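As the structure is a prediction and not an experimental result, all values here were calculated from the model.
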Amino acid sequence: MTHTDTIYALASAPGSAGVAVVRLSGPDCQAVAQAMLPTLPPARQAKVFHVKHPQTQVTIDQALVLYFCAPRSFTGEDCLELHLHGSPAVLQALFSALETLPNVRLAEPGEFTRRAFENNKLDLTQAEALADLIAAETESQRQQALSNLQGTFGETIKGLRTDLVSIMARVEALVDFPDEDIPKSVEDELEDKLQNLRRSIHTLLKTAEQGIAIRDGFRIAILGEPNVGKSSLLNALANKDAAIVTAQAGTTRDIIEVHANLAGYPVILVDTAGLRETEDVIEAEGIKRARKAANTAHLKLWLDAPGQQAAPNVSRETFDLYVLNKCDLIGTISEPASENIDYDLRVSAKTGQGLDDLRKALVFHVKHRLGQTGQGGVTRERHRLALQRALEHVPRDISLRLDMPELVGEDLRQAVRALGEIIGTVDVEDILDDVFSSFCIGK
């Protein structure tokens, strides 16, 4: 794809810094260099030049300059990188100078990566992985994004799609020669290939929950009756005062979410309203949201406290961890803790007692559910839905349908299209707009 304009943007973090990197991409990179530099540096060789305003020839800054000649660049176009001193004044002066040049404009969010995709430098899964790598906050997110950026997931999808196209070609031949009897060997071969495809797609779908959870965060919902210390426990686990804590029962009325790094895994700690019967409209809505949060959580932690009565329907099948909080109060109140629950852990969010053991227990559950990190694969809901559609269109038993090869061929075309949507080999403009709009400017 050919673009007629040249784009520019800050590629490093905004704000004052030792070095700021400004990148340009497009057909007029050489013209920009001629207007603002003494000469164009040789491709892929770093040179130090004074960068000057194209009209006034006033020096803007001294910069390290790199030139990448198309198609051997990130975007597949001519690219220019200016490594300047990272002050807002220098950048403002440079951007003001660039604005005076024809066919040169500020890049839109994700436009550099989109051009790389359109010029076949990346497939869509790699483009998404690049955004995920930039946003990675934990080791598991970094490993997963890097694996997909290296093309492991995209190559898997391309292989499945190639196999489907090959099968579809065989089926289309049956349409062209309807009077020919289908040898049993051909039927068996098609059946074997389709079943292998189904198994491969099934395997990918099994990784969807883990991959999406690593990218978006493993959700841990803290549930319990009012005033058992749910907000205090969330603050203690997050190491910050994220939730309001008071002695008054029912303080938490809405869902509070805190992102945390748990042994390299991204987790979302979810504080919820206390579960009880109430006539308060606002508290009732909070309880409704608490139950919804429980249904969408990967791990449900039930929190109890001495003197609390066990809530109805609390059982081993309902929750993953049973924790007794405020254990520092045991023996100082008349009522004991609930007797019908065998607690996994006893902690005190106030004193810190037992919190290390609780963190270890949470890490164990997260590792058990997410498995080994560093594996690429399904990381987004759109990947999962596309694979599900592809699986629905791959015949379970082709022998029952070969008398109507036209319908089989159409099913296979739909499956091929679904897989193509994942890597971006079909016209999916709405998907592309959604993917690249989430990028930062300069990437």
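A distance of 13.0 Å separates CG of Leu122 from CD1 of Ile423, quoted to the nearest 0.5 Å. Note: Leu37 CG to His50 NE2 = 11.5 Å, rounded to the nearest 0.5 Å. The distance from atom NE2 of His383 to atom CD of Glu421, rounded to the nearest 0.5 Å, is 11.0 Å. Atom OG1 of Thr272 sits about 8.0 Å away from atom CD1 of Ile222, to the nearest 0.5 Å. Rounding to the nearest 0.5 Å gives a distance of 8.5 Å between CD of Glu155 and OG1 of Thr125. In this structure, the separation between OG on Ser200 and CD1 on Ile157 is 10.0 Å, given to the nearest 0.5 Å.
Remark: Arg23 qualifies as a cation-pi partner of Phe112 under the 6.0 Å distance and 45° angle criteria applied to the six-membered ring.
Put simply, the side chain of Ile422 reaches to within 4.5 Å of the side chain of Leu387, judged on heavy atoms. Residues Ile212 and Glu381 form a side-chain contact, since some pair of their non-hydrogen atoms from C-beta on lies under 4.5 Å apart. For the pair Leu299 and Asp320, the minimum side-chain heavy-atom distance is below 4.5 Å. Contact of the Leu133 side chain with the Arg142 side chain is registered, since non-hydrogen atoms from C-beta on lie closer than 4.5 Å. Side-chain atoms of Leu40 and Gln34, non-hydrogen and from C-beta on, never get closer than 4.5 Å to each other. Considering only heavy atoms from C-beta on, Met36 comes within 4.5 Å of Leu94 through its side chain. By the 4.5 Å heavy-atom criterion applied to side chains, Leu197 and Leu160 are counted as neighbours. By the 4.5 Å heavy-atom criterion applied to side chains, Leu233 and Leu301 are counted as neighbours.
A salt bridge does not link Arg115 to Glu118: none of the charged nitrogens lies less than 4.0 Å from a carboxylate oxygen. Residues Glu111 and Arg114 are not paired through a salt bridge, judged by the lack of any N-O separation under 4.0 Å between the basic side chain and the carboxylate.
Contacts of Thr162 classified as side chain to side chain contact (heavy atoms under 4.5 Å, CB included), with partners at least two apart in sequence or in another chain: none. Qualifying side chain to side chain contact (heavy atoms under 4.5 Å, CB included) partners for Thr152, counting only residues two or more places apart in sequence or in other chains: Ser147, Asn148. Every side chain to side chain contact (heavy atoms under 4.5 Å, CB included) that Thr296 has, sequence neighbours left out, goes to Arg219. Annotation: ring-ring contact (aromatic ring centres under 6.0 Å, His included) contacts of Phe95 (sequence neighbours excluded): Tyr8.
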Step-by-step salt bridge (charged side-chain N to carboxylate O under 4.0 Å, His left out) determination, Glu392 to Arg389 | CA-CA 5 Å; Glu392 290 170 357; Arg389 287 200 308 275; over 6 Å; no

Asn103 and Thr6: side chain to side chain donor-acceptor pair (under 3.5 Å), yes or no, with the steps?
-> CA-CA 6 Å; Asn103 303 318; Thr6 296; over 6 Å; no

Taking distance alone, no hydrogens or angles, what donor-acceptor pairs closer than 3.5 Å link side-chain atoms of residues 63-71 to residues at least two apart or in another chain?
from: Tyr67; atom 1: OH; to: Gln30; atom 2: NE2; distance (Å): 3.0
from: Tyr67; atom 1: OH; to: Asp78; atom 2: OD1; distance (Å): 3.4
from: Tyr67; atom 1: OH; to: Asp78; atom 2: OD2; distance (Å): 3.2

Output a table of donor-acceptor pairs, distance under 3.5 Å, between side-chain atoms of residues 355-364 and any protein atom two or more places apart or on a different chain; print 'none' if there are none.
from: Asp356; atom 1: OD1; to: Arg359; atom 2: NH1; distance (Å): 3.4
from: Arg359; atom 1: NH2; to: Ala236; atom 2: O; distance (Å): 3.1

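Shortest non-hydrogen contact noted between Leu204 and Thr156 is CD1-CG2, 4.1 Å.
Under the 3.5 Å distance criterion, with hydrogens and angles disregarded, no donor-acceptor pair is assigned to the side chains of Asn261 and Thr138.
Around atom NZ of Lys121, more than 12 heavy atoms belonging to other residues, nucleotides or ligands sit under 6.0 Å away.
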